[in-house]
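By convention here, the first residue in the shown sequence is residue 1.
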Amino acid sequence: EIRRALAGVPAHGLSAFHDAGDVACNDGDLEAAQQALAQAVAAELGQGAFPLVLGGGHEIAWGTWQGLRAHLDARGDQGRMLVINLDAHLDLRTGRPGSSGTPFDQIAQACRERGQRFEYACLGVSRLGNTAALFAHADVLGVHYVEDVEMQERHLDARLAELQALMDKVDHVYLTIDLDVLPAAVMPAVSAPAAYGVPLPVVEAIVMLVRASGKLRVADLAEFNPLYDRDGCGARAAARLAYRLMA
């Protein structure tokens, strides 16, 4: 379910934040809900806000991207866009209709149809959580992916330098975080807790680098499920990342 879009104007501080409301998918029509989310994101961007979308499954990414794309199109802005996904999963499944496993393949298809580059970096990928076919598809699409074993604190300087180099080449950045990229001890509140995962300090450092780039236009936090939380620790980790994105 797509749960909520939250938006604010960071330049004015925390007091400028506002709740942009919920986008529900109660009737099973996921495509309609994604379109409603896209419209909400585009509307907030049009008002000069920075939208932070709180999921819900990672199917929100297709809605968020469409909203950002619609906003840029309305301005005649054809600048290059980098999608950065912090995630244990590539989410490049080719099946349709769409699901939480397909959003970045849907984005890739839309980019092909528009004659635009598909620029996608997936950081924190679990070798055990993706099929060989998904890795092969990622290679065909030219995806920049880094496995979780190369995303530990000892690798942070190298990863930040790589990410900065990717951002230097583009005009706009869309950051989406699947909370199952975090270790299960930090983030139990997801449907697929990570046995290994990427440490919270690494995820937070990446968030802060992207935020400081001046190119971040919209962000997601996906897959949080309070039913699976333990003593509120997952909610606190998600809230910390939301604060870093918005403050």
**Asked** Between D171 and R80, is there a donor-acceptor pair closer than 3.5 Å when you use the side chain of the first and the backbone of the second?
**Response** yes

**Item:** Side-chain touch R217/Y174, heavy atoms, less than 4.5 angstrom
**Value:** no

**Asked** Can any side-chain N or O of K215 pair as donor or acceptor with the backbone N or O of V170 at less than 3.5 Å?
**Response** yes

**Prompt:** Just wondering, are more than 12 heavy atoms of other shown residues or ligands nearer than 6.0 Å to CZ in R159?
**Reply:** yes

**Asked** Apart from Y196 itself, which Ile, Leu, Val, Met, Phe, Trp or Tyr residues share its cluster (side-chain heavy atoms under 4.5 Å, direct or through members)?
**Response** V149

**Fill in**
Given the options L68, V41, L37, P51 meets side chain to side chain contact (heavy atoms under 4.5 Å, CB included) only with V41

**Message:** Testing the 3.5 Å rule here: is there a donor-acceptor pair between the side chains of Q35 and E31?
**Reply:** no

**Asked** Are the side chains of L241 and L179 in touch, meaning some heavy atoms are under 4.5 Å apart?
**Response** yes

**Complete:** Applying salt bridge (charged side-chain N to carboxylate O under 4.0 Å, His left out) to R96 and not counting sequence neighbours gives D105

**Asked** How far apart are the C-alpha atoms of I107 and Y120, what are their side-chain angles, what is the distance that settles it, and do they pass the side chain to side chain contact (heavy atoms under 4.5 Å, CB included) test?
**Response** CA-CA 9 Å; I107 293 171; Y120 174 42; over 6 Å; no

**Prompt:** How close do A33 and C25 get, heavy atom to heavy atom, and via which atoms?
**Reply:** CB-CB, 3.8 Å

**Request:** With the side chain counted from C-beta on, respond yes when L182 and L200 share a heavy-atom pair under 4.5 Å apart, and no when they do not.
**Result:** yes

**Request:** Could you grab the distance from atom CD of Q39 to atom CD of E44, nearest 0.5 Å is fine?
**Result:** 13.0 Å

**Complete:** Sequence neighbours excluded, the answer for side-chain contact (heavy atoms from CB on, under 4.5 Å) partners of A138 is L90, L92, V143, Y145

**Message:** Assigning hydrophobic clusters by single linkage (Ile, Leu, Val, Met, Phe, Trp, Tyr; side-chain heavy-atom cutoff under 4.5 Å), is L166 placed with L160?
**Reply:** yes

**Complete:** Looking only at heavy atoms, the pair that brings A185 and C233 closest together is O-SG, 4.3 Å

**Request:** Report the distance from atom CG of D180 to atom CE of M187, rounding to the nearest 0.5 Å.
**Result:** 9.5 Å

**Asked** Okay, side chain of D87, backbone of H89: is any donor-acceptor separation there less than 3.5 Å?
**Response** yes

**Item:** Parallel, tilted or perpendicular, as decided by the 30° and 60° cut-offs, for the rings of W65 and W62
**Value:** parallel

**Asked** For the residue pair M151 and V202, what are the closest heavy atoms and their distance?
**Response** O-CG1, 3.5 Å

**Asked** Quick one: ring-ring contact (aromatic ring centres under 6.0 Å, His included) partners of H58, sequence neighbours excluded?
**Response** F104

**Prompt:** Do L141 and R112 have side chains that get closer than 4.5 Å, going by heavy atoms?
**Reply:** yes

**Message:** To the closest 0.5 Å, what do you measure between CG (L245) and CD1 (I177)?
**Reply:** 5.0 Å

**Item:** Any V207 side-chain heavy atom under 4.5 Å of L209 side chain
**Value:** no

**Request:** Write down the atom of M81, the atom of E119, and the distance for their closest heavy-atom approach.
**Result:** O-CB, 3.6 Å

**Item:** Donor-acceptor contact below 3.5 Å, side chain Q152 vs main chain G197
**Value:** yes

**Request:** State the CG-CG distance between D220 and L52, to the nearest 0.5 angstrom.
**Result:** 7.5 Å

**Message:** If we count only N and O atoms by modelled type, under 3.5 Å, do the side chains of H155 and E162 hold a donor and an acceptor together?
**Reply:** no

**Request:** Under the salt bridge (charged side-chain N to carboxylate O under 4.0 Å, His left out) rule, collect the residues that match up with D73, sequence neighbours excluded.
**Result:** R69, R114

**Complete:** Sorted by chain and residue number, the side-chain contact (heavy atoms from CB on, under 4.5 Å) partners of R236 (sequence neighbours excluded) come out as none

**Asked** What pair of heavy atoms forms the shortest contact from S126 to F135, and how long is it?
**Response** O-CZ, 4.1 Å

**Asked** What residue among D229, L54, V190 forms side chain to side chain contact (heavy atoms under 4.5 Å, CB included) with F224?
**Response** D229

**Prompt:** Between the main-chain N or O of A61 and the side-chain N or O of T64, is there a donor-acceptor pair closer than 3.5 Å?
**Reply:** no

**Message:** The test is side chain to side chain contact (heavy atoms under 4.5 Å, CB included); show your working for L82 and H172 and say whether it passes.
**Reply:** CA-CA 6 Å; L82 173 65; H172 309 290; over 6 Å; no

**Message:** Is any side-chain heavy atom of E223 closer than 4.5 Å to one of S100?
**Reply:** yes

**Request:** Report yes or no: does D178 contribute a side-chain atom to a donor-acceptor pair with the main-chain N or O of V181 at less than 3.5 Å?
**Result:** no

**Asked** Any luck finding a side-chain donor-acceptor pair between Q78 and Q116 under 3.5 Å?
**Response** yes

**Message:** Walk me through whether I206 and L123 qualify under side chain to side chain contact (heavy atoms under 4.5 Å, CB included).
**Reply:** CA-CA 10 Å; I206 290 171; L123 310 178; 4.2 Å; yes

**Prompt:** Roughly how far apart are I84 CD1 and H144 NE2, rounded to 0.5 Å?
**Reply:** 9.5 Å

**Message:** Can a donor-acceptor pair be found, under 3.5 Å and without considering hydrogens, that links the side chain of Q34 to the backbone of E59?
**Reply:** yes

**Complete:** dist L227:CG -> S191:OG (nearest 0.5 Å) comes out at 11.5 Å

**Request:** Quick one: closest heavy-atom pair of P103 and G101, and the distance?
**Result:** CD-C, 3.5 Å

